[in-house]
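Down below is the structure, laid out as structure tokens.
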Amino acid sequence: MSLSELRKSLSFTQEDIANILEVGQASISRTEKRKDQLVSTIREYVGAMGGELKLVVDFPDRPSIKLADIEIVDKHKGELIKKSKQKRSKSKPPTCV
């Protein structure tokens with residue numbers, strides 16, 4: 001599903017998302033058309049609709065792995081706005097989904 005299809009399925013307009021993210025509607029239109037997206041951009045977009053982005057890695061013949069500890073930087077301010085507080089020892093295996 002594309003970002004625009006996701007938005008429409010939840011009955012949001014581009015203007016709704018733009019207002020929530022405090023950007024112009026044209027910015028949302030460009031975001032939806034991009035083929036290569038930053039994770040932080042998708043996370044903000046999904047968050048504007050009340051969702052949470054989760055990243056899962058799948059390998060053949062292995063359990064799925066949920067990625068954690070990905071830092072999110074406010075692209076407008078260049079500041080760290082969220083970092084996972086979970087600390088994992090080096091000997092502990094990754095979280096599987």
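Computed from a predicted model, the values in this text were never measured in an experiment.
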Kindly give the heavy-atom pair with the smallest separation between [X] and [Y], and that separation in Å.
X     : Y     : result
Leu6  : Val46 : CD2-CG2, 4.3 Å
Ile20 : Ala48 : CD1-O, 3.2 Å
Glu44 : Leu21 : O-CD2, 3.7 Å

Enter the distance from [X]:[atom1] to [Y]:[atom2] here, rounded to the nearest 0.5 Å.
X     : Y     : atom1 : atom2 : value
Ser40 : Tyr45 : OG    : OH    : 15.0 Å
Glu5  : Leu10 : CD    : CG    : 12.0 Å
Leu55 : Leu53 : CG    : CG    : 5.0 Å
Ser4  : Gln14 : OG    : CD    : 8.0 Å

Would you say [X]'s side chain and [Y]'s backbone share a donor-acceptor pair under 3.5 angstrom?
X     : Y     : value
Glu32 : Ser29 : no
Asp16 : Phe12 : no
Gln37 : Thr31 : yes

Worksheet item: Are any non-hydrogen side-chain atoms of Glu52 and Lys54 less than 4.5 angstrom apart?
Response: yes

Fill in: Pairwise side-chain contact, Asp61 with Phe59, heavy-atom cut-off 4.5 Å (strictly under)
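Result no, sub-4.5 Å side-chain heavy-atom pair not found.
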
Discussion item. Around atom CD of Glu22, are there more than 12 heavy atoms from other residues, nucleotides or ligands closer than 6.0 Å?
Written reply: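 No - once you tally the heavy atoms of other residues, nucleotides and ligands closer than 6.0 Å, there are 12 at most.
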
Item to complete: Give the C-alpha distance, both sets of side-chain angles, the deciding distance and a yes or no for side chain to side chain contact (heavy atoms under 4.5 Å, CB included) between Ile28 and Val23.
Response: CA-CA 8 Å; Ile28 300 303; Val23 298; 3.8 Å; yes

Practice prompt. Output, in order, the C-alpha distance, side-chain angles, deciding distance and verdict of side-chain hydrogen bond (donor to acceptor under 3.5 Å, both in side chains) for Glu15 and Gln25.
Written response: CA-CA 5 Å; Glu15 192 168 300; Gln25 178 271 327; over 6 Å; no

